[in-house]
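Input: a single structure, listed below in structure tokens.
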Number of protein chains: 2
Amino acid sequence: MRDDDTNTPAANLALRQSANAREDQDATSKDARPRRKASIRASNESHLLACAEAVFAERGFEGASTALIAERAGLPKANLHYYFPTKLSLYWRVLDDLFEEWNAAASTFDASDDPAQAIGGYVRAKMALSRRRPLGSKVWANEIISGATHMQDILLKRVKPWMESRVTLIERWIEEGLLAPVEPRTLLFMIWATTQHYADFEAQIRALAGKRALSAASFETTTEEVVKMILRASGARSPHA
Amino acid sequence: MRDDDTNTPAANLALRQSANAREDQDATSKDARPRRKASIRASNESHLLACAEAVFAERGFEGASTALIAERAGLPKANLHYYFPTKLSLYWRVLDDLFEEWNAAASTFDASDDPAQAIGGYVRAKMALSRRRPLGSKVWANEIISGATHMQDILLKRVKPWMESRVTLIERWIEEGLLAPVEPRTLLFMIWATTQHYADFEAQIRALAGKRALSAASFETTTEEVVKMILRASGARSPHA
DNA sequence: GTCTATATAGTGATAGAC
DNA sequence: GTCTATCACTATATAGAC
């Protein structure tokens, strides 16, 4: 929600206020008051979450300050602490949000029984996610680099089970001769690393390959290039060929 | 130098002092004084650099504090500022150090005219570096994620020229039919992303694959698995086959 | 639900005795 | 070359008027 207006505090404030105003117009009936309040809360919270994602991405958890997040959101710091009592509670909400997106992309892995389709589709979904929400990917990366102290639960209870079942699936594909005898986890790590690189190492890619390399058209081409290379790496064959 | 004693301040102090004592024993001649002083400086500086690398890796530049770095080194904060006037100067020294290692690994790319040898050797060198100095890789990753503001010079003047010439080389291999028609930069990014993942995402790998996955023997196997997959992805053929 | 003012602790950096 | 004491500043978080 409004995840592209995280730059100047002034612009943010203007957007935020017009959004509130729009919601106020609908609030004409008797029961409007609680609905409007709820809307204000929802609007401010999601706006703060978007700004927090940007600041956590740029400076990590310890380096981020609630003052800077509030400033970007065009709100006083005390307001931020009204919605999110502690910096950690705000951070957790951001991480939780990110996992939901991760999970949505993960589900594309099961879209087909054909390994080339499944893996190709998953790589495309991960590349699209890197493109659409690079800041989120950076927050995740920062969290893992810093030791993943706040993500042990997500990793162990949510990500690990997903990985285990996908490992089993990949092993079956190998047995059926549809994939080269790869180590399934190594393949999955390679997919994650390569696709997330286009979000996390954006600044390096820009410096080395020029910003045109990150244009929409170029990103499409790169995505298909990555798909091709990952499929070759995994030795995927069509089941009916 | 002593890059594995960055855990407890007490242990660090003990090691540091015994190192100094060892150096003091050699300082018996007249001209020993300046040499001993130089040794103290060199020893303290490199010890501080090692501890700084660990703290910058865990918390990023903004999140790291000179107090914490000094504490890990078993030195008072004022001492750190005696050797490194500002936090930024310390950070730059760490980045500079890291680039030297990056550069050493990069040179392995030119060890052979055979693309399979060159690429395979480079992947092994990068995996070995991830294994030997994961904290350094994390500092680099953190710096790029945060926008690479302090690394523009290194990226543009050192990394980019290296990449350009390697792109030309890869394009020649493709013309000669020794490589599949891949986009050279996409291949290089894939190599970097995949190999550095084993350093930067250590915590995630540990959580998902268990710590035995990061044992020495397992890492060797994984390295060869990664080499195999990258070579397949690039479609490398031997020039004399 | 908003926001000024502030409590308390930590920050980078320095002075100056040893 | 070492280290205590301290400066000016910023951090998270809260109180309490509006």
Side-chain angles (χ1 to χ4, degrees), chain A residues 9 12-13 16-17 19-21 23-24 27 32-48 51-52 55-56 58-94 150, chain B residues 9 12-13 16-17 19-21 23-24 27 32-48 51-52 55-56 58-94 150:
Chain A
N12 290 342
L13 187 56
R16 199 171 57 83
Q17 286 175 338
N20 288 352
E23 281 148 9
D24 287 348
R33 203 184 173 87
R35 228 186 41 212
R36 194 189 58 185
K37 272 194 185 178
S39 285
I40 290 175
R41 169 171 287 270
S43 162
N44 279 343
E45 278 191 2
S46 68
H47 184 53
L48 279 165
C51 294
V55 176
F56 285 134
E58 278 169 34
R59 312 173 54 119
F61 176 72
E62 285 91 358
S65 76
T66 53
L68 182 55
I69 295 169
E71 189 197 319
R72 292 226 194 160
L75 290 170
K77 197 172 48 164
N79 209 322
L80 179 150
H81 281 281
Y82 170 71
Y83 290 109
F84 303 96
T86 66
K87 181 165 102 161
L88 198 54
S89 68
L90 175 55
Y91 187 61
W92 275 334
R93 279 284 302 274
V94 171
H150 307 293
Chain B
N12 291 342
L13 186 58
R16 199 172 56 83
Q17 286 174 338
N20 289 353
E23 281 149 8
D24 289 347
R33 204 183 173 89
R35 228 186 42 213
R36 192 188 59 184
K37 273 194 183 176
S39 285
I40 288 174
R41 169 171 285 272
S43 162
N44 278 344
E45 278 192 1
S46 68
H47 184 54
L48 280 166
C51 294
V55 176
F56 285 133
E58 278 169 34
R59 310 172 56 117
F61 176 71
E62 285 92 356
S65 76
T66 54
L68 182 55
I69 295 169
E71 189 197 319
R72 292 228 195 158
L75 290 169
K77 195 173 49 164
N79 208 321
L80 179 151
H81 282 282
Y82 170 73
Y83 290 109
F84 303 95
T86 66
K87 183 165 101 160
L88 199 54
S89 69
L90 175 55
Y91 186 61
W92 275 335
R93 278 284 304 273
V94 172
H150 307 294

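Quick caveat, the model's predicted, so the values are computed rather than measured. Residue numbering restarts at 1 for every chain, and letters A, B, ... go by the order of the sequence lines.
- The OH atom of A/Tyr83 sits 18 Å away from the P atom of D/dA13 (whole-angstrom rounding).
- If you check every strand for non-hydrogen atoms under 4.0 Å, B/Ala64 touches sugar and phosphate atoms only.
- In this structure, the CD1 atom of A/Ile69 is 11 Å from the P atom of D/dA13, given to the nearest Å.
- Counting heavy atoms from C-beta on, the side chains of A/Thr86 and A/Tyr91 never come closer than 4.5 Å.
- Note: CD (B/Glu71) to P (C/dG12) measures 13 Å, nearest angstrom.
- No side-chain heavy atom of B/Leu90 sits less than 4.5 Å from a side-chain heavy atom of B/Tyr83.
- Between B/Arg41 atom CZ and D/dT2 atom C1' there is a gap of 13 Å when expressed in whole angstrom units.
- The nearest pair of heavy atoms linking A/Val94 to A/Ala52 is CG2-CB, 4.1 Å.
- Between B/Leu68 atom CG and D/dA11 atom C1' the separation is 16 Å, expressed in whole Å.
- Taking every heavy atom of both residues into account, A/Lys87 and A/Glu62 meet most closely at NZ-O, 3.6 Å.
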Quick tally for nucleotides 13-18 of chain C: nucleotides whose base has a protein heavy atom under 4.0 Å get B, sugar-phosphate-only ones S, the rest -, giving BBB---
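- Between the CD atom of A/Glu62 and the P atom of C/dG12 there is a distance of 13 Å, rounded to whole Å.
- Nearest heavy atom pair, residue A/Leu80 against residue A/Thr66, reads CD1-O, 3.7 Å.
- For the pair B/Asn79 and D/dT4, the criterion of a side-chain N or O lying under 4.0 Å from OP1 or OP2 is not met.
- When the P atom of D/dA13 is taken as reference, atom CG of A/Leu90 falls 10 Å away, rounded to whole Å.
- Between A/Phe61 and A/Leu88 there is a side-chain heavy-atom pair separated by less than 4.5 Å.
- At whole-Å resolution of the value, CG in A/Leu80 and C1' in C/dC3 are 13 Å apart.
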